[in-house]
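Labels below follow one simple rule: chain letters A, B, ... track the order of the sequence lines, proteins then strands, and each chain is numbered from 1. These numbers come from the heavy atoms of this one structure, side chains and all, not from hydrogens, waters or symmetry mates.
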Number of protein chains: 2
Amino acid sequence: MITRGKLAKATGIKIETIRFYEKIGLLAPPERTAGNYRAYGQDDVDRLSFVRRARDLGFSLDQVRTLLDLADDRSRSCCAVDEIARAQLKAVEEKIADLLALKRELGSLIEQCDQGTIADCRIIGALAPAEV
Amino acid sequence: MITRGKLAKATGIKIETIRFYEKIGLLAPPERTAGNYRAYGQDDVDRLSFVRRARDLGFSLDQVRTLLDLADDRSRSCCAVDEIARAQLKAVEEKIADLLALKRELGSLIEQCDQGTIADCRIIGALAPAEV
DNA sequence: TCTTGACCCTGTACTTGCTACAGGGTGCAT
DNA sequence: ATGCACCCTGTAGCAAGTACAGGGTCAAGA
């Protein structure tokens, strides 16, 4: 018998998060013991590990839900899976591009800082429209 | 007289977001007209533009609040500003590194996809622990 | 003058992905 | 029998907004 705490340890997902996943229907409600404790099985460990890996790869819970559904239907073509992964890759690439632009802007702002007063601070100046 | 809609247009921040900023105390509640409309001035346009630029640079609302406070005290040293900007740069760089790792993983997953069935899908396989 | 339509007001609930209580019950060892 | 670690439930909170619902206001056109 695997309790919630053990499931948490086995998968690296916090107890509260497991409850949250159960609440939103990502995990099926497990059997209960006589004392009303959740009793998980190896299936649950597997499923939750799947969720964790997908989350680590940046998939949204909604995408994870879809991936789980797809994974259950083993005879189906994996085009849909590929599509989700590609969408995720694209999102990641866009995010990286955005952050690189940000990094450049921040970097040049910081470089100009000469440690004077706020009045002639380049960073504040760059943020302010004309005169603060 | 600048209404909320005009302030939104002038700054590119949505009306609802302006209300939200007012609610959390980032923007001072403005004067009201006889008909209970908010009446903004150029100050508000400037302040909100400042917020927008800072948000665009990825600063949190909390950081923005601090930057606004700092910007108001023009005689002060701008070390604190520099510090916030550096912290933000560091956060951005870390995020970029994370996303690059993610991108590599996703990319290699997708490359292996041979458009077969779910049963031999590499992506599902990589997510599942041993056997799904 | 009336009415239409664009704007404004308020409060509240929803989003994503959790996290953190409070206030109690269970189970095992000492 | 009592202490402690663990479990249970419900609820509220975080960032940073977004989206209604159900009204009020204002200016222009018929």
Inset, instruction - Using the closest heavy atom to pick a nucleotide of DNA chain D for each, name whichever of B:Ser60 or A:Arg32 lands nearer the 5' end. - result: A:Arg32
Legend entry - side-chain N/O A:Arg4 vs D:dC8 OP1/OP2, d < 4.0 Å: yes
Legend entry - Closest to the B:Arg19 side chain, choosing from C:dC8, C:dG17, D:dC20: D:dC20
Inset, instruction - Starting from C1' on C:dG27, measure out to CZ on A:Arg38 and report it in whole angstrom. - result: 17 Å
Inset, instruction - Describe the nucleic acid contact of B:Ile24 in one word from base, sugar-phosphate, nothing, applying a heavy-atom distance below 4.0 Å. - result: nothing
Inset, instruction - Ignoring backbone atoms, establish whether A:Tyr21 has a side-chain N or O less than 4.0 Å from OP1 or OP2 of C:dC18. - result: yes
Legend entry - B:Arg38 and B:Glu31 ion-paired at < 4.0 Å: no
Inset, instruction - Report the distance from atom CD of A:Glu16 to atom P of D:dC14, rounded to the nearest whole Å. - result: 17 Å
Inset, instruction - Determine the contact category for B:Thr33: base if any of its heavy atoms lies under 4.0 Å from a base atom, sugar-phosphate if only primed atoms, P, OP1 or OP2 are that close, otherwise nothing. - result: nothing
Legend entry - N-O pairing of B:Arg65 and B:Asp69 below 4.0 Å: no
Legend entry - Atom-to-atom span, CG of B:Leu48 to P of D:dG17 - whole angstrom: 11 Å
Inset, instruction - By nearest nucleotide on DNA chain D, pick out whichever of B:Gly35 and B:Arg55 is the more 5' one. - result: B:Arg55
Legend entry - Ion pair B:Asp43/B:Arg47, N-O distance below 4.0 Å: no
Inset, instruction - Check whether any side-chain N or O of A:Arg52 sits under 3.5 Å from a backbone N or O of A:Thr11 as a donor-acceptor pair, and report yes or no. - result: yes
Inset, instruction - For C:dT19, take OP1 and OP2 only and decide whether either is under 4.0 Å from a side-chain N or O of A:Thr17. - result: yes
Legend entry - Spacing of A:Arg52 atom CZ relative to C:dG17 atom C1', expressed in whole Å: 15 Å
Inset, instruction - Could you state the atom-to-atom distance from NZ of B:Lys9 to C1' of C:dC8 in whole Å? - result: 13 Å
Inset, instruction - State which of C:dC8, D:dT18, D:dC8 makes the closest approach to the side chain of A:Asn36. - result: D:dC8
Legend entry - Rounded distance (Å) that lies between atom C1' of D:dA16 and atom NZ of B:Lys14: 12 Å
Legend entry - Gap separating the CZ atom of B:Arg19 from the CD1 atom of B:Ile24, nearest 0.5 angstrom: 13.0 Å
Legend entry - Atom-to-atom span, CD1 of B:Ile2 to P of C:dC8 - whole angstrom: 12 Å
Legend entry - Nucleotide of C:dG17, D:dC8, C:dC7 approaching B:Tyr37 most closely (side-chain heavy atoms): C:dC7
Legend entry - Interatomic distance where NZ belongs to A:Lys23 and P belongs to C:dT15 [whole Å]: 11 Å
